[in-house]
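We name chains A, B, ... by the order of the sequence lines, and we start the count at 1 in each one. Side chains included, hydrogens not; waters and symmetry mates left out as well; all remaining heavy atoms used.
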There are 2 protein chains.
Amino acid sequence: MPQTKVVSLEKLKTACKNCGLAKLCLPLGLENNDIERLDAIVQRNRPLHRGNHLFQTGNSFGSIYVVKSGTIKTYTQCPNGTEQVVGFHLPGEVVGLDGIETGQHICSAKALETTAVCEVPFSRLEELTATVPGLQHQMFRLMSKEISKETGLMVLLGKSTAEERLAAFLLSLSVRFHSYGFSSTEFNLSMSRREIGSYLGLALETVSRLFTHFQEEKILEVDRKHIKILEMEQLFKLLSDQNGCLDRLQHPN
Amino acid sequence: MPQTKVVSLEKLKTACKNCGLAKLCLPLGLENNDIERLDAIVQRNRPLHRGNHLFQTGNSFGSIYVVKSGTIKTYTQCPNGTEQVVGFHLPGEVVGLDGIETGQHICSAKALETTAVCEVPFSRLEELTATVPGLQHQMFRLMSKEISKETGLMVLLGKSTAEERLAAFLLSLSVRFHSYGFSSTEFNLSMSRREIGSYLGLALETVSRLFTHFQEEKILEVDRKHIKILEMEQLFKLLSDQNGCLDRLQHPN
DNA sequence: ATGCAAATCTGATCCAGATCAACAGTTGCC
DNA sequence: GGCAACTGTTGATCTGGATCAGATTTGCAT
C-alpha cells in the first residue's frame, strides 16, 4: 500500500501528461494515448548538480534531453584552452540534437545549477515517430526551430554592437522565462559574466560594463546574478533602432 | 517512339537513382524501391536564373529544396535596408528547412547564378518519412547537420579574426566543391565581396584586402571571382593556430 | 572568523577592422 | 558607342571593444 502510494506520487510528479512543460516540448499536439506511449520511453534520472555533465564532446550519441528545471550550458573546448559557449538551455528546451548526424556529440553539455532533465533514448523515439505522425511533425518543428535560431544568431554576432547583443540576450531570457511561467522582468542569471561574454562574442569586461551602463540608464536593476528589467521598451528600442532581424533569436515553441 | 526517348532522357538526367548527388542528399542509405518512391514526389522545375527567388521572407512554407547545380544564397533583410547573408548553398545541400517550424520562411533564398533545384513538397515528404524509416533517419541527420553548423559558426563569428574567417570560408568551399566532384583547389566564387563580408561579419573592404594579402603571401591566386588555392596547408594553419573548433563549419554529408 | 581562489568591477591603453574617400575596371543598357 | 551603375581595390583615419592591470567583493573551506 505505501509502496503504491509512492509510485503514484512519482508518476504524478513526472508523467508527460501532467508536466507543465508539455506544451513546449515533444507532446505538443499529441492525443492522450500517444502521449502515454511517449511517456513510456522517457527516462527521468536524478537531477544533475552544478558542474555535472549531461554529455561531453566525443561521447557517443544515444539520447536527446529536455530540460525540466535549471539550466544547461552547451559549449565546445578549443585546443588553446578557451571555451566557446554555444547555448543556454532553459526549461522546456531540448539539448543534444547535434549528435544525430555523426552519432557523436560535437559539444559538451553541463548543468549551471541543479538541473532536472528528461532523457529520451533516440532510437526508441525514432520508432515512435515512425508510427505517430504528430510526433514526427513535432520533432521536425523542434529541429527547424533550432535551425531558425541560426539566422538570428548570425545577425547578432555578425553585425550588432555590444549593447545590442546584451539587450537581445536579456530579452531572449525574459521571453523564455515568461513562457515557462516565471516573471519576465525579474530573474536570476545562472551563468557568469564570462559565459555571457563567450556566448555573445564579447569580453567579460564588456559585459560587466554594459550591466553597469544599463543600470545607470535606469533600464535594469542589477545585483550580481539578480536582474530586474525596469524599462523593457528601452531594451527593445536598442534592438530595433539598428536592426530588426533579431526577433527570432530565441523564443518559446 | 521519339516521345519515349525524350522522356527517358529526361528521366536519366534527373531521376534520384541516377543523380550524382544522391549520396549527399535524401536518398542516402535507401533501398532502390524506396528511392523510387522518393523520386515520385520530387518536382524538377526549370532552372532559376541569377537573381530569381526560390522563396522570400514571409512566404508560406510548402517545400524544401535540394540544389542540383549553381548556388543559392539565403539572407534576411533588415529594416534599415542592409541585408544579412545567412548561408550559401552549393549542390547537394538543402534549402528551406527554416520554414517548417512556423509554416513561413524566415529568410529569403535567391540564385546567385543559373541554378537547378529539386523541389520536395514537405507534406508529401512527411508521409513518406513515416513509412520509410531510413528516409526519416536521413531527414533527422540532415537537420542535425544544420544544427551542428551553428556550433562552428558561433566560434567563427564570436572569436575569430578576419583572416581566420576568410580562411575557414575558403576551406569550407573547397571541401564542399571537392565532395561534389569538382576541384578542391580551383573554383569560381559565385558571390560578391560584399556578400562574403556579410556572411562572415566583415566589411567588404576587409574581404578585398584579405584576398590581396593572401595573394601576396602566395597562399592564393586571385583573379576577381576565380580562386586558386596554392597553399592549402597554410590556410589550415591559419585556423588551427588560434582555434580548432572550426572543423565542422560546413562539411559534406 | 580567517584565508584563499574565483568572480566582478573599473580604469587605462591599444589595435583590428570599420568607415570614409577616391579611383579603376567591368557590365549592362539605351 | 557612351553613359550609368555596379564591383573591386587601395589608402587614410577613426573607434568600439579587446586587452592589460589593479582593486573589491563573494564563496567556500578550513
Find the distance [X]:[atom1] to [N]:[atom2] and express it as a whole number of Å.
X: Phe211(A); N: dT8(C); atom1: CZ; atom2: C1'; value: 12 Å
X: Lys159(A); N: dG17(C); atom1: NZ; atom2: P; value: 15 Å
X: Leu238(A); N: dG16(D); atom1: CG; atom2: C1'; value: 16 Å
X: Leu156(B); N: dG17(C); atom1: CG; atom2: P; value: 12 Å
X: Leu210(A); N: dT8(C); atom1: CG; atom2: P; value: 15 Å
X: Leu157(B); N: dA18(C); atom1: CG; atom2: P; value: 12 Å

(request) List for me each residue that meets side chain to side chain contact (heavy atoms under 4.5 Å, CB included) alongside Thr212(B), sequence neighbours excluded, and say none if there are none. (result)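 By the side chain to side chain contact (heavy atoms under 4.5 Å, CB included) rule, Thr212(B) matches Glu216(B).
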(request) Applying side chain to side chain contact (heavy atoms under 4.5 Å, CB included), name anything that partners Glu150(B), two or more places apart in sequence or on another chain. (result)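 With sequence neighbours excluded, Glu150(B) shows a side chain to side chain contact (heavy atoms under 4.5 Å, CB included) to Lys149(A), Glu150(A), Leu153(A), given in chain and number order.
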(request) For DNA chain D, find the residues of residues 188-195 of chain B with a heavy-atom distance under 4.0 Å and give them by number; none if there aren't any. (result)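 Listed by number, they are Ser192(B), Arg193(B).
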(message) Side-chain N or O of Thr212(B) versus OP1/OP2 of dT10(D): is the shortest distance under 4.0 Å?
(response)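 Answer yes for this pair, as a side-chain N or O of Thr212(B) is under 4.0 Å from OP1 or OP2.
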(message) OP1 or OP2 of dA7(C) versus the side-chain N and O atoms of Lys225(A): is any pair under 4.0 Å?
(response)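 Looking at the OP1 and OP2 atoms of dA7(C), neither is under 4.0 Å from any side-chain N or O of Lys225(A).
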List in chain and number order the residues that pass side chain to side chain donor-acceptor pair (under 3.5 Å) with [X], two or more places apart in sequence or in another chain; answer none if no residue qualifies.
X: Thr206(A); result: none
X: Asn45(A); result: Glu119(A)
X: Gln56(A); result: none
X: Tyr75(B); result: His53(B)

(message) Tell me whether Thr185(A) contacts the main-chain N or O of Ile229(A) through its side chain, where contact means a donor paired with an acceptor under 3.5 Å.
(response)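 Absent.
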(request) Taking Ser184(B) for its side chain and Val175(B) for its backbone only, find out whether a donor-acceptor pair lies under 3.5 Å. (result)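 No: the side chain of Ser184(B) does not pair with the backbone of Val175(B).
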(request) Check whether any side-chain heavy atom of Phe211(A) sits under 4.5 Å from a side-chain heavy atom of Leu166(A), and report yes or no. (result)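 They are in side-chain contact.
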(request) Side-chain contact test, heavy atoms from C-beta onward, threshold under 4.5 Å: evaluate it for Leu54(B) versus Val117(B) and give yes or no. (result)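 Side chain of Leu54(B) against side chain of Val117(B), heavy atoms only: contact under 4.5 Å found.
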(request) Give the angle between the helix axes at the two ends of the helix from dT10(C)-dA21(D) to dC30(C)-dG1(D), taking five base pairs at each end and rounding to 10°. (result)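 The two end axes of the helix from dT10(C)-dA21(D) to dC30(C)-dG1(D) meet at 40°.
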(message) Going by salt bridge (Lys or Arg N to Asp or Glu O under 4.0 Å), name the pairs with one or both residues in residues 187-210 of chain A, residues two or more places apart or in two chains.
(response)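 Passing the test, one end in residues 187-210 of chain A: Lys73(A)-Glu195(A).
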I'd like a list of close polar pairs between nucleotides 22-30 of chain D and the protein, N/O only, cut-off under 3.5 Å.
none

Atom pairs, N/O to N/O, protein against nucleotides 17-19 of chain D, distance under 3.5 Å?
from, atom 1, to, atom 2, distance (Å)
dG17(D), OP1, Ala162(A), N, 2.6
dA18(D), OP1, Gly201(A), O, 3.4
dA18(D), OP1, Ala203(A), N, 3.1
dA18(D), OP2, Ala203(A), N, 3.2
dA18(D), OP2, Thr206(A), OG1, 2.3
dT19(D), O4, Arg209(A), NH2, 3.0

(request) Kindly check if the number of other-residue, nucleotide or ligand heavy atoms within 6.0 Å of NZ (Lys225(A)) is above 12? (result)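 Yes, NZ of Lys225(A) has more than 12 neighbouring heavy atoms, counting only those of other groups under 6.0 Å.
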(message) Holding to ring-ring contact (aromatic ring centres under 6.0 Å, His included), I want the full list of residues that pass it with Phe177(B), two or more places apart in sequence or in another chain.
(response)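 With neighbours one apart ignored, the set is Phe187(B).
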